[in-house]
Amino acid sequence: MPRRITPNVSYATATFVQQRSAQTSSRQVRYGFVSLLRRFETSVRDCKMGSVKAHHLEDFWYGEGGLSDTCQSQTLGKYRNEMKQFLGFAHRREWCPVSPDVLLDGIRERSTRVNRNRYRMTRAELRQLLAEATDPRDVALVCFVACTGVRISEALAMRVRDVSFSKSELYVTIPKTHEEITYPLSSDLESALRGWLTAYSAQVGPLKRTYYLFPAFHGRRFAKGGGMTPAGLYNMVQPIQQPRLILAPIAERAGLELEEGDGWHTVRRSFARILYDQCVSMGHDAALRIVQAALNHKSVQTTERYLGLDFERQQFHKIMKGQPFLTFDLDGGKIVPLDERRAARG
């Protein structure tokens with residue numbers, strides 16, 4: 001039987017990206033796939049899709065100049081998930097005879113979207129985090145994410161015009177959906193933002209509506225009249241570029257140990273859990289849906305993963321462990337406690 005002729009990797013990747021672009025309006029998704037798959041094309045020298053073997057993927061990941069040389073483990077997990085989508089697409093079209101699971105079997109990293117128990121801060125720990133932030137901008141940024149639960153990328157895209165003190169509202173653009181969502185402005189966050197904007201205008205003068213709400217610092221550079229400008233001036237037209245470098249030292253001073261993969265998303269998860277517990281304590285029947293709306297999740301399963309189930313599991317154990325379940329509604333005098341039954345057997 002003659003061997004099936006398959007397209008080159010470049011044709012397969014272009015077709016896959018075209019299909020993914022039609023499925024989603026997110027430019028970030030398209031850019032992410034294009035960047036990864038172009039590197040893969042170069043790594044395999046744009047061979048035929050039918051010739052792709054497991055060792056090609058392993059070299060792409062762990063070979064000299066491979067992904068593992070430039071990426072952290074959580075990013076490698078994301079890339080593995082994206083590569084599995086592409087290889088599955090090629091396999092369904094019979095361009096690639098080997099299944100994605102076989103091709104990726106030697107790749108150690110797994111997708112970071114796992115339902116493992118992640119660290120969530122309490123209200124007291126979030127207040128401790130705020131207390132250790134020194135710059136007014138950093139205080140406002142920590143408070144912003146802690147009081148809204150927005151993603152750090154969404155917070156950094158905010159402009160001065162997106163804050164309305166008169167209406168107690170915030171206007172946040174969600175890149176994934178290109179929607180502008182109105183958030184309520186809590187009194188804690190209003191206080192932090194007013195303090196920051198006062199310090200901001202004191203340095204740069206009257207604030208224009210188009211200035212970034214959380215600007216980057218200018219580095220030292222040559223001044224027009226000669227000499228060097230002082231470090232620490234705010235660059236109003238550029239947002240913070242490396243937000244992880246802000247949170248890590250603050251958390252360290254606060255005595256909060258952040259593991260690999262923890263960061264600004266930890267603050268977002270903490271907001272979600274605190275909001276859920278508060279909704280439950282206030283008697284809201286739709287507590288989970290309220291948190292889903294606050295986080296702008298399309299799926300309630302994603303919200304459940306953010307919340308974690310530690311507390312609920314503890315309550316489940318407390319309800320069930322050594323207690324009647326099928327006989328719960330019967331006369332208690334007819335039920336022999338589990339400890340007594342064990343003692344009788346002994």
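Just the heavy atoms: all of them, side chains too, but no hydrogens, waters or symmetry mates, feed the values below.
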Quick one: does any side-chain atom of Arg268 pair with a main-chain N or O of Val145 as donor and acceptor, under 3.5 Å?
no

To the closest 0.5 Å, what do you measure between CG (Leu67) and CG (Leu36)?
6.5 Å

Do Trp264 side-chain atoms and Pro243 backbone N/O form a donor-acceptor pair below 3.5 Å?
yes

Check this for me: Asp285, atom CG, are more than 12 non-hydrogen atoms of other residues, nucleotides or ligands nearer than 6.0 Å?
no

Side chain of Glu125, backbone of Thr122: donor and acceptor closer than 3.5 Å?
yes

Is it true that atom CD of Gln241 has more than 12 heavy atoms of other residues, nucleotides or ligands lying nearer than 6.0 Å?
yes

Whether Tyr183 side chain and Ala294 backbone form a donor-acceptor pair below 3.5 Å:
yes

Separation between CD1 of Ile246 and CZ of Arg244, rounded to the nearest 0.5 Å
11.0 Å

Using side-chain contact (heavy atoms from CB on, under 4.5 Å), reason through Met49 and Tyr11 one step at a time and then give a plain yes or no.
CA-CA 9 Å; Met49 276 303 305; Tyr11 177 84; over 6 Å; no

Has Glu252 got more than 12 heavy atoms of other residues, nucleotides or ligands less than 6.0 Å from its CD?
no

If you draw a 6.0 Å radius around CZ in Arg289, do more than 12 non-hydrogen atoms from other residues or ligands fall strictly inside?
no

Spell out, as yes or no, whether a donor-acceptor pair under 3.5 Å connects the side chain of Arg123 to the backbone of Ile274.
no

Residues 156-170 vs side chain to side chain donor-acceptor pair (under 3.5 Å), sequence neighbours excluded, gives Arg159-Tyr212, Ser164-Ser166, Glu169-Tyr171

Is it possible for you to say whether Val237 and Leu141 belong to one hydrophobic cluster, with membership spreading through side-chain heavy-atom contacts below 4.5 Å?
no

Quick one: pull up OH in Tyr276 and OG1 in Thr303 and give me the separation to the nearest 0.5 Å.
11.0 Å

For Glu180, is the CD atom crowded, meaning more than 12 foreign heavy atoms sit under 6.0 Å from it?
yes

Rounded distance [0.5 Å steps], CE in Met236 versus OG1 in Thr210
9.0 Å

Kindly compute the distance separating CG (Leu170) from CG (Leu189), expressed to the nearest 0.5 Å.
5.5 Å

So the side chain to side chain donor-acceptor pair (under 3.5 Å) pairs with at least one residue in residues 131-147 (sequence neighbours excluded) are Asp135-Tyr234

Using 0.5 Å steps for rounding, measure from the OG1 atom of Thr266 to the CZ atom of Phe271.
15.0 Å

Before giving the answer on side-chain contact (heavy atoms from CB on, under 4.5 Å), spell out for Arg38 and Thr13 the whole-Å C-alpha distance, their side-chain angles and the decisive distance to 0.1 Å.
CA-CA 8 Å; Arg38 279 182 180 169; Thr13 58; over 6 Å; no

Keeping Asp46 on the side-chain end and Glu41 on the backbone end, is there a donor-acceptor pair under 3.5 Å?
no

With Trp196 as partner, the option from Cys143, Pro136, Ser201, Ser191 fulfilling side chain to side chain contact (heavy atoms under 4.5 Å, CB included) is Pro136

